[in-house]
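No hydrogens, no waters, no symmetry mates; every other heavy atom, side chains included, goes into these values.
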Amino acid sequence: MITLPRPSRADALAALSMAGLLLPEAVAYSSIAGLPPQAGVIGLLAGLLTYGLTGSSRFAIVSATSSSAAVLASAMHSILHVTTDMQHAMGLAMVLLAGVYFILAGLARMGSISNFIAKPVLTGFSLGLALTIAIKQLPNAVGVHPQSSDIFRYSWELFSQWQHWNWAGFAMLAAALLALHTMRRWPLVPAALLVIVVGILLDVGGYCKAWGISPVGAMTLGFSHPKLPNLAFAEWLRVGQLAAALALILYAESYGSIRNFAARHGDTIEPNRDLVALGFSNIVSGLFQGMPVGAGYSATSANEVAGAQSKAAGLLTAVVAGLLLWFCLQWIERIPEPLLAAIVMFAVGHTLSIKAVKPYFLWQRDRSLVVLAFIAVLVFGVLDGLLVSMAVSVLMLLRGYATPRVSWLGQLPHSPHDYVDSAVRTEAHAPEGVLIARPSEPLFFGNAEPMLTLVAQKLQQLQSANPPAPPIHTVILSMEATPDLDGTSIAVLTDFAALLEHQHIRLILARARSRVKEVLQRAQIPQLPVEVCSAFSVDDAVTQSRGAAASMQEPSVSPQA
């Protein structure tokens, strides 16, 4: 739904501050993607206007981001044996298709799709990406441009040619970084804009030309000519696969920002609506030859700090940025390249911090994923590194689910209705003749057989114990971890129930979910009647097991002659 929020004075002040921050960043991010400088500006205006009218977050600033620019550049460079113009056309096609994927995902109500990327993977990926971006910005300042795509060879070529560096450009880069870092103490000060103004004055005064420093160059804003890239059907199919990865990283970054700031302020967000809004934002940007756009954390955070109160701040930011372009385009074209490099390096600098990685080592959880994602980006490149990291994280997840782990529950002496893991509470013991097993993971095709094999082995171990243990008359499976049953799980569970039936042992599924009950009711399996799931708790199941104990004792009573 398109709504026009009423702007407040705070929104107007925030827009003035944000325009001064976002416009230089948009020009700078174009260089990361290897696109003309106007691509970032078009993406900025398209994202601010489209999301501001259709999105759900009042703080999100949708514009070109460093990560999306880097992923797009990596995707374009992976397309070999084509001209530079064709690479750019296929890059624009990726932006359009990413927008289409967003809309389809939103209509399919797949708002939680960003959870497909684990946070440790995103942390390691962001760290490796930030380092890659920072290194690849140096040539824009020092005038030496390595040709290697591998980051290690790229760095070697860059630093081994230090004798040919433009040290005036390097000094401008260092001075700009120092100024940006110093002015960070005052969040409302448009530090990037002030640095840009000083750079333009130096260029106008002829100093940049004397120092051998180049400006950003001419910008052509083609808002009056929306068009689709002229590609063959086979080429659209080729970029479609790459666009999926671009859309995934865009939404993971965007939804993380949107969700964090909504939670901080108690706002309600609509993930599926935001998917559609991001889709339209990217389609509009792509139609006008702009960059991919998303809700970056740094820009959204700056919008909050600037005092934004509603989505009107983003819309007003687009208006202010448009006016700056209208009146100051000829001056923007004279921004020295070292200053744009400084703005990019400063923007990704907050990611190059050990603070984001430290918790995983403190918790001793997922450290390998963080390190793997970081190394994968450096070794395989931005796009392939992300895909490798995601694949490994999913494999590790599946390995965890597929590893059979069963807890053996016992009854607490002083709390007879509570059943806990007897390995943790050694004083807990199962009632006589009852084996209570709780699978630690949901039963599915990858672990159902080994999981129930563990239960069968435990049963056999108890039956063959020396000295003999009381005979087992009931096996209780606590099923709270299993939300549903697939075909393999049903088949394995049926075989297990048949094995117990053969041994005159009763099977009870305690705490079974409604979906499990529905599946068994439809299946009509003699060994697994619906009544097997009637116990609401382990305590209820133990109460039901007393009937099995009584039935075992009946044959032992000899009838009177």
Side-chain angles (χ1 to χ4, degrees), residues 18-48 63-73 76-77 84-85 87-89 91-92 94-95 133 136-141 143 145 169 172-173 176 190 192-193 195-204 208-209 213-226 229 282 284-293 296 299 317-318 320-348:
M18 291 302 296
L21 168 69
L22 295 175
L23 192 56
E25 282 190 354
V27 178
Y29 291 157
S30 301
S31 65
I32 299 176
L35 294 174
Q38 64 267 21
V41 175
I42 293 171
L44 169 67
L45 297 180
L48 288 175
S63 62
T65 66
S66 58
S67 58
S68 63
V71 172
L72 180 64
M76 288 194 300
H77 291 156
T84 302
D85 289 341
Q87 273 191 345
H88 286 176
L92 294 175
M94 289 179 216
V95 179
I133 291 174
K136 290 196 172 184
Q137 286 303 302
L138 269 176
N140 295 329
H145 296 276
M172 180 178 286
L173 171 73
L193 183 61
V195 168
I196 290 300
V197 169
V198 173
I200 293 174
L201 293 176
L202 290 175
D203 186 70
V204 171
C208 291
K209 185 176 181 179
I213 297 174
S214 302
V216 66
M219 296 173 58
T220 304
L221 300 177
F223 287 108
S224 59
H225 303 289
N282 279 278
V284 172
S285 179
L287 286 175
F288 291 100
Q289 292 77 57
M291 288 178 57
V293 294
T317 300
V320 175
L323 291 174
L324 287 174
L325 288 169
W326 183 269
F327 292 106
C328 305
L329 182 60
Q330 59 179 337
W331 304 110
I332 295 174
E333 295 173 345
R334 305 190 71 163
I335 300 174
E337 287 193 339
L339 297 187
L340 293 179
I343 290 172
V344 171
M345 294 172 74
F346 181 75
V348 302

Quick check: do [X] and [Y] have side-chain heavy atoms less than 4.5 Å from each other?
| X | Y | result |
| --- | --- | --- |
| Glu333 | Pro215 | no |
| Ile343 | Ile196 | yes |
| Gln289 | Gln38 | no |

Looking only at heavy atoms, what is the nearest atom pair of [X] and [Y], with distance?
| X | Y | answer |
| --- | --- | --- |
| Ser285 | Gly43 | OG-CA, 3.4 Å |
| Met94 | Met76 | CE-N, 4.1 Å |
| Val41 | Ala26 | N-CB, 3.9 Å |
| Gly199 | Pro336 | O-CG, 3.4 Å |
| Ala64 | Met291 | CB-CE, 3.9 Å |
| Ile213 | Pro338 | CG2-CD, 3.4 Å |

Test side-chain contact (heavy atoms from CB on, under 4.5 Å) applied to [X] - qualifying residues, sequence neighbours left out:
| X | result |
| --- | --- |
| Ser63 | Leu22, Leu44, Ile61 |
| Leu201 | Val197 |
| Ser67 | Thr65, Leu129, Glu253 |
| Pro292 | Ser68, Leu72, Val95, Leu246, Leu250, Asn282 |

Any chance you could measure [X], atom [atom1], to [Y], atom [atom2], to the nearest 0.5 Å?
| X | Y | atom1 | atom2 | answer |
| --- | --- | --- | --- | --- |
| Glu25 | Phe346 | CD | CZ | 9.0 Å |
| Ile32 | Lys136 | CD1 | NZ | 11.0 Å |
| Cys208 | Glu337 | SG | CD | 10.5 Å |

Sub-3.5 Å donor-acceptor pair from the side chain of His88 to the main-chain atoms of Gly34, do we have one?
-> yes
Please identify each residue that fulfils side chain to side chain donor-acceptor pair (under 3.5 Å) with Gln137, with sequence neighbours left out.
-> Asn140
Can you name the residues that form a side chain to side chain donor-acceptor pair (under 3.5 Å) with Ser31, not counting sequence neighbours?
-> none
Sole candidate of Ile335, Leu340, Val216 that passes side chain to side chain contact (heavy atoms under 4.5 Å, CB included) when paired with Pro37 = Val216
Under the side chain to side chain contact (heavy atoms under 4.5 Å, CB included) rule, what do Leu173 and Leu138 come out as? Steps first, then yes or no, please.
-> CA-CA 9 Å; Leu173 171 73; Leu138 269 176; 3.7 Å; yes
Evaluate the side chain to side chain contact (heavy atoms under 4.5 Å, CB included) criterion for residues Val198 and Leu339: first the C-alpha distance (whole Å), next the side-chain angles of each, then the deciding distance (0.1 Å), finally the verdict.
-> CA-CA 10 Å; Val198 173; Leu339 297 187; 5.9 Å; no
For residues 323-332, which side-chain donor-acceptor pairs fall under 3.5 Å, sequence neighbours excluded?
none

